[in-house]
Amino acid sequence: MEIQVNSLESAASSYLRSARHQPVQWQEWGEAAFAQAAREDKPVLLDIGAVWCHWCHVMDRESYEDASLAAVINERFIAIKVDRDERPDVDSRYQAAVSAISGQGGWPLTAILTPDGRPYFGGTYFPRDDRYGRPGFERVLQSMADAWKQRRDEVLESAGSIMAAIEHGETFSARGGDLSSGLVAKLVQHAIGQFDPRNGGFGSQPKFPHPAAIDLLLDWARRTGSDAAASAATVTLKKMSEGGVYDQLGGGFHRYSVDERWVVPHFEKMLYDNAGLLANYVHAFQTFVDPEFARVAKDIVRWMDAELTDRERGGFYASQDADVTLDDDGDYFTWTKAEAAAVLTPQEMAVCGLYYDIGDVGDMQHDPHKNVLHRKFTIAEAAERLRLPLEHVGALIESGRTNMHAARSKRTAPYIDKTVYTGWNGMAVSAYLSAGQGLGMPEATAFALKTLDRLLDAGWSEQSGLAHVIAYSEDYSTTVSVAGVLDDYAFLVHACLDAWQISGLMRYYAAAEQLADAMVARFYDRTGGGFFDAELGVDKPIGALAARRKPLQDSPTPAGNPTAAAALIRLEALNGRAELREMAEDTLGSFAGVVEHFGLYAGSYGLALQRLVLDPVQVVVVGEHSDPDARTLEVAALAGFAVNKSVIRLTRAQVSGGEVPPSLAETLPHLPEMRSDVSGSRAFALVCKGKSCLPAVNDSEQLLKALR
């Protein structure tokens with residue numbers, strides 16, 4: 001029997017390919033599908049989801065794999081399916097539309113569009129039949145198709161008002177705010193006001209990680225001595241790593257917690273979450289020197305190395321699913337008491353059962369016997385309760401964890417989407433470089449540079465720009481290139497600057513300048529200020545893609561505008577090009593009158609504003625990479641995270657050969673310490689703040705004093 005497939009058989013996206021055997025005649029987003037809708041005078045059914053999205057697959061099984069419902073869709077609609085990771089420009093606009101229609105967004109996103117792509121109805125998950133207080137999907141579809149045929153004027157009026165709402169809600173014009181540390185203080189106070197001191201995190205359930213806001217709190221705490229900011233950041237990081245939202249066996253964070261105590265997560269693991277949180281834990285360790293923060297950071301790297309990286313070619317994969325089948329809910333990650341007892345010795349079970357809170361009654365609604373491993377007690381508290389020596393309890397926990405992890409690895413693991421996205425990889429490269437430098441992990445640095453080389457080689461062209469996708473999962477090939485969005489450029493500029501700082505290789509600095517110039521040329525609004533999220537192509541944009549967006553809100557990754565502004569500020573400090581700083585200031589000024597209302601979701605804006613209002617601090621450590629004295633100076637320079645501080649490693653050959661950016665070339669080669677007859681080639685550090693530099697030092701205590 002021949003297996004029927006739809007046109008998604010030729011798609012490269014993992015999410016789209018998962019629907020290629022459905023009876024719905026899906027098409028990919030593009031002019032051909034909308035041209036057919038116009039010819040046949042049919043509305044468009046738009047489904048936007050992701051391979052990691054549980055409820056997307058539920059709706060697939062309930063509705064799109066139902067032959068009778070598929071017949072209705074094929075008769076009355078042109079059906080288009082979009083991968084939100086592959087096409088963030090499409091997703092963001094129709095999320096705004098559905099939020100305007102229903103008051104909420106999310107995935108799966110389900111929208112009904114006019115043949116030219118304007119939305120007139122939308123929602124998220126719809127059940128196949130009437131239940132949960134929701135109308136059944138077939139009833140919704142028939143009603144919307146009838147509306148297009150019988151009440152077209154009403155539909156067109158609704159579509160027009162929704163398009164206006166998208167454009168109004170996504171392009172801000174709110175100058176007049178004060179670009180000063182006072183505005184940063186308001187953002188910090190909002191985060192502190194949302195902080196849950198008992199459980200960590202912000203607000204109540206569900207709880208999401210907010211990496212940019214946590215970095216802002218860490219920076220503020222270090223700079224001002226604020227105990228409240230320090231507590232909000234450190235308690236949150238500790239409570240998250242103790243909870244079930246953190247994979248206690250494999251390492252790495254799940255997407256978010258459904259409860260306020262971080263115990264029961266949505267089990268998918270995303271690259272961008274783990275990249276942002278890895279940077280948080282490294283920065284927290286730099287500031288507070290708590291070994292627990294270093295342990296968690298190294299554990300995140302352990303998981304990413306094992307599961308989320310292309311070790312051979314370089315590159316970070318996009319995500320790991322929550323489930324293996326639709327009938328489980330995190331079963332790969334959870335344990336019944338009997339399952340744990342079967343792989344642990346009685347002594348290990350006694351200790352791990354207490355430490356990880358493994359009971360007869362667990363945490364999962366679909367199976368009350370299933371436990372989400374979380375650390376209910378410290379090792380010291382467990383030892384006291386069990387009346388056992390601390391070292392013995394620690395050893396049993398470690399052996400128990402190892403045995404459970406080995407047993408879990410024999411289970412069928414959730415799918416890993418091996419797509420390599422440029423922007424998310426840029427985030428991960430920066431995070432790995434932070435871990436490599438801050439925690440002394442040269443292997444992390446090496447992999448980050450290997451990945452960055454692949455991104456630049458495979459993804460960047462002066463003529464066509466930056467690609468959004470470097471490689472698809474399972475190496476599915478395609479002749480269609482998805483154009484890079486603002487986030488891709490901005491994150492990659494930061495990654496290149498981070499790579500130059502840690503390696504001293506000027507090719508990364510040159511790439512940062514080239515990418516930044518392209519970012520400005522392709523996305524910057526020279527009339528109104530700020531950056532658009534996507535380029536306007538030469539052809540007329542389809543549907544809601546005509547709406548221009550200037551992203552300000554961190555949701556969930558750092559927003560494009562403040563990330564781009566921060567990149568320009570960093571570059572200006574190295575090359576002295578005043579127009580870069582002017583564009584950054586104009587960008588941040590475009591949102592100054594409204595940004596404080598975004599609170600937690602404006603963390604990246606607060607960090608960019610700190611870069612603008614504070615003088616850059618550059619600590620240049622000159623010495624061979626194998627020189628222990630140079631490493632000692634580097635460690636001292638890294639003490640205390642500050643967003644405006646850069647720690648740069650250069651060799652004497654790089655400095656004397658002129659392989660440094662213009663601002664440093666004016667100073668470094670002329671220092672007395674560069675003369676071997678004066679210094680004996682000893683490693684040294686130079687601290688520059690703003691436009692002036694302090695005398696070079698050879699001693700870490702002197703360096704710490706200079707930084708204070």
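Here the structure is a predicted model, which means the values were calculated and not measured. Computed from heavy atoms alone, side chains included, the values below leave out hydrogens, waters and symmetry copies.
Panel note: side chain Arg522, backbone Glu535; no donor-acceptor pair is recorded below 3.5 Å. Under the 3.5 Å distance criterion, the side-chain polar atoms of Lys269 are left unmatched by any main-chain donor or acceptor of Ile416. A donor-acceptor distance shorter than 3.5 angstrom exists from the side chain of Lys450 to the backbone of Arg311, with no hydrogens or angles considered. Proximity of a side-chain donor or acceptor of Gln286 to a complementary backbone N or O of Phe641 within less than 3.5 Å is not detected. Side-chain atoms of Asp498 do not come within 3.5 Å of backbone N or O of Ser430 as any donor-acceptor pair.
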Before you tell me yes or no, could you show the steps for Phe316 and Phe447 under ring pair (Phe, Tyr, Trp, His ring centres under 6.0 Å), namely the whole-Å CA-CA distance, both residues' side-chain angles and the distance that decides it to 0.1 Å? CA-CA 10 Å; Phe316 294 88; Phe447 186 79; 5.3 Å; yes
Please determine whether side chain to side chain contact (heavy atoms under 4.5 Å, CB included) holds for the pair Leu505 and Trp500, giving the CA-CA distance in whole Å, both sets of side-chain angles, and the decisive distance to 0.1 Å. CA-CA 5 Å; Leu505 297 174; Trp500 168 74; 5.7 Å; no
Please report the C-alpha distance between Asn644 and Arg223 in whole Å, then the side-chain angles of each, then the deciding distance to 0.1 Å, and finally whether the side chain to side chain donor-acceptor pair (under 3.5 Å) criterion is met. CA-CA 11 Å; Asn644 63 322; Arg223 196 177 306 283; 3.1 Å; yes
Show your working on side chain to side chain donor-acceptor pair (under 3.5 Å) between Glu307 and Tyr317 and close with a plain yes or no. CA-CA 8 Å; Glu307 303 292 347; Tyr317 302 143; over 6 Å; no
Hey, mind stepping through Gln618 and Leu664 against side chain to side chain contact (heavy atoms under 4.5 Å, CB included) and telling me if it holds? CA-CA 10 Å; Gln618 296 166 333; Leu664 296 179; 3.8 Å; yes
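A parallel orientation is assigned to the rings of Tyr281 and Phe253, their planes being inclined by less than 30° (bins at 30° and 60°). Phe208 and Tyr256 have parallel rings, their planes meeting at less than 30° on a 0 to 90° scale where 60° marks the start of perpendicular.
Of the N and O atoms on the side chains of Asp554 and Ser604, at least one donor lies less than 3.5 Å from an acceptor on the other residue. Residues His283 and Asp215 have side chains that bring a donor and an acceptor to within less than 3.5 angstrom of each other.
Taking every heavy atom of both residues into account, Gln654 and Val660 meet most closely at O-CG1, 4.4 Å.
One finds no salt bridge joining Asp615 and Lys691 here, because no Lys/Arg side-chain nitrogen approaches an Asp/Glu carboxylate oxygen to under 4.0 Å. Under the 4.0 Å criterion applied to side-chain N and carboxylate O atoms, Asp305 and Arg302 are not assigned as salt-bridge partners. The pair Arg313-Asp310 meets the salt-bridge criterion, since a charged nitrogen lies less than 4.0 angstrom from a carboxylate oxygen. Contact check on Asp586 versus Arg526 returns no salt bridge, with no Lys/Arg side-chain nitrogen under 4.0 Å from an Asp/Glu carboxylate oxygen. Salt bridge absent: Arg652 and Asp627 never bring a charged side-chain N and a carboxylate O closer than 4.0 Å. Salt bridge annotation for Arg255-Glu268: absent, with no cationic side-chain nitrogen under 4.0 angstrom from a carboxylate oxygen.
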Exercise answer: donor-acceptor pairs, residues 436-445 side-chain atoms, under 3.5 Å, sequence neighbours excluded:
from, atom 1, to, atom 2, distance (Å)
Gln437, NE2, Glu634, OE2, 2.9
Gln437, NE2, Val647, O, 3.3

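Within 6.0 Å of CD on Glu312 lie no more than 12 heavy atoms contributed by other residues, nucleotides or ligands. Atom OH of Tyr601 sits in a sparse spot, with 12 or fewer heavy atoms from other residues, nucleotides or ligands closer than 6.0 Å.
Residues forming a salt bridge (Lys or Arg N to Asp or Glu O under 4.0 Å) with Lys238 (at least two apart in sequence, or on another chain): Asp290.
Tyr524 has its ring centre less than 6.0 Å from the ring centre of Phe531. Between Phe293 and Phe285, the gap from one ring centroid to the other reaches at least 6.0 Å.
Thr563 has its side chain out of reach of Asp487: every pair of non-hydrogen atoms, C-beta onward, lies at least 4.5 Å apart.
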